[in-house]
Amino acid sequence: MRREIYIPLALCCPLRRIVWTEKKRSKGGVVVATQAAPKSGFDKWKEGVDRAPGDARWNLWDREIQSAVSDFNQHLATTPGYRPLDWRTIKAIIWVESGAGNPEWHIKPMQIGVVGDPGMDSLLHGNEGGSLILPTLWKDRLTTLSVRTVPAHNIRAGIGYLLMRMAHYEHRSVPHPGASVFEVVVKPGDSLDKIAKAHGSTVESMRRLNPTADILRPGQTLKCQRASVQRVITGWRPLSAELISLRYNAEGDDVYLRKLDITLGLIRH
């Protein structure tokens, strides 16, 4: 039995409403009152997500997610160690980040670009490797405004940010597209560095093309190719719920990890 009673907490304080749950003992008709424990934010979220598979909104973003993930998988397929992203992982992140009950569900489902979030800027400005992650078609389409107002763009920016945070990078010498190998003649006072700068190449490229050129002599012929030092993807961190909570959520929140595990379980089963 639930009963609302009002108890004065102090003579100078207004009455405060408290909800009690009453339970009668079997002997003597004694009534014991206990205060109902309030539900935590996690408990409320859990109740909502447990009902989600029966909600019409459960599959609302599936096609958009699948299309976006396909674009990224094709774009990154040739990078070292890349394993195709499972679109269901992105669906789980969306339900953890916003869920159908959040007002942002229809605008920023992946919550990238919200006030105080630096993720969108780091992705779009290419400071952390975003230019390598984004498919060519979307580099010009994604803007600060579109990511914050168009849900399809928010989903793509969120995927891009996640993958950007999962990649390993190094700065390496990269030949210019279509650059051919040509010959140069060593002059007095030349060094590999001097020759590379003079011909738009790098020392690393010169050494790769001339592995025995330890000592330079005037009149010596060397191979050269136009190249520059660029950031490149050298590998990938293994994608897991724990790493997503650390690198996408950026806080390593245990509650976030629990939510992600639960949602992934619902989606996969």
Side-chain angles (χ1 to χ4, degrees), residues 40-46 48-50 52 61 64-66 68-69 71-73 75-77 79-99 101-102 104-105 108-135 138 142 144 147-148 151 153-171 231-269:
S40 68
F42 176 82
D43 290 334
K44 293 177 181 177
W45 174 88
K46 178 71 164 55
V49 82
D50 283 344
W61 296 121
E64 199 65 58
I65 296 169
Q66 290 168 9
V69 167
D71 288 344
F72 279 96
N73 283 342
H75 175 65
L76 298 170
T79 59
Y82 183 74
R83 298 183 65 180
L85 178 63
D86 186 339
W87 72 272
R88 295 173 298 178
T89 299
I90 304 304
K91 178 172 182 171
I93 293 174
I94 286 178
W95 275 86
V96 172
E97 287 287 336
S98 56
N102 189 316
E104 299 282 11
W105 170 256
K108 294 189 281 288
M110 287 199 72
Q111 290 291 280
I112 188 169
V114 298
V115 176
D117 173 28
M120 178 182 65
D121 288 339
S122 64
L123 172 71
L124 298 184
H125 295 165
N127 299 335
E128 297 181 31
S131 59
L132 299 174
I133 299 295
L134 290 174
W138 286 95
L142 294 182
T144 298
V147 170
R148 287 176 170 163
H153 289 211
N154 191 266
I155 289 172
R156 282 167 171 78
I159 296 171
Y161 180 71
L162 171 67
L163 292 173
M164 183 183 77
R165 298 278 290 156
M166 290 294 172
H168 290 294
Y169 306 92
E170 288 183 11
H171 283 86
R231 187 199 300 260
V232 296
I233 296 172
T234 59
W236 296 88
R237 295 173 176 84
L239 196 65
S240 66
E242 184 175 6
L243 268 184
I244 292 171
S245 72
L246 284 169
R247 304 194 70 79
Y248 188 82
N249 187 46
E251 295 178 357
D253 185 353
D254 288 340
V255 174
Y256 190 98
L257 177 57
R258 288 175 64 194
K259 288 181 177 180
L260 195 56
D261 279 332
I262 290 169
T263 311
L264 282 168
L266 285 173
I267 294 170
R268 290 171 177 168
H269 298 93

Can you find a pair of side-chain heavy atoms, one from [X] and one from [Y], that are under 4.5 Å apart?
X	Y	value
Ile133	Tyr161	no
Ile90	Leu162	yes
Thr89	Arg268	yes
Tyr248	Glu97	yes
Leu132	Thr79	no
Tyr82	Met166	no
Ile93	Tyr256	yes
Arg156	Met110	no

Problem - Electrostatic pair Arg258:Asp254 at N-O distance under 4.0 angstrom - result: no
Handout entry: Residues in salt bridge (Lys or Arg N to Asp or Glu O under 4.0 Å) contact with Glu128, at least two apart in sequence or another chain
Key =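 If we apply the salt bridge (Lys or Arg N to Asp or Glu O under 4.0 Å) test to Glu128, skipping adjacent residues, there are no hits.
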Exercise for the section: Sequence neighbours left out, what passes salt bridge (Lys or Arg N to Asp or Glu O under 4.0 Å) with Lys44? Give chain and number order. Expected result: none
Nearest 0.5 Å, please: how far is [atom2] in [Y] from [atom1] in [X]?
X	Y	atom1	atom2	result
Arg88	Ile267	CZ	CD1	8.5 Å
Leu123	Leu134	CG	CG	4.5 Å
Leu85	Ile65	CG	CD1	10.5 Å
Ile233	Leu163	CD1	CG	9.0 Å
Trp95	Leu260	CH2	CG	14.5 Å
Ile262	Leu257	CD1	CG	9.5 Å

Practice task
Using atom types as modelled and distance alone, determine if a side-chain donor or acceptor of His75 lies under 3.5 Å from a backbone N or O of Asp71.
Solution key: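 Such a contact is absent between His75 side chain and Asp71 backbone.
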Handout entry: Arg237 atom CZ: more than 12 heavy-atom contacts under 6.0 Å
Key = yes
How close do [X] and [Y] get, counting heavy atoms only, and between which atoms?
X	Y	answer
Trp61	Pro151	CH2-CB, 3.4 Å
Trp236	Gly81	CD1-C, 3.7 Å
Asn154	Pro109	OD1-N, 3.4 Å
Thr263	Ala92	CG2-CA, 3.7 Å
Pro238	Leu243	O-CD1, 3.0 Å
Ala241	Asp261	CB-OD1, 3.4 Å

Exercise for the section: Hey, could you give me each pair passing side chain to side chain donor-acceptor pair (under 3.5 Å) that has a residue in residues 108-125? Not counting sequence neighbours. Expected result: Glu104-Lys108
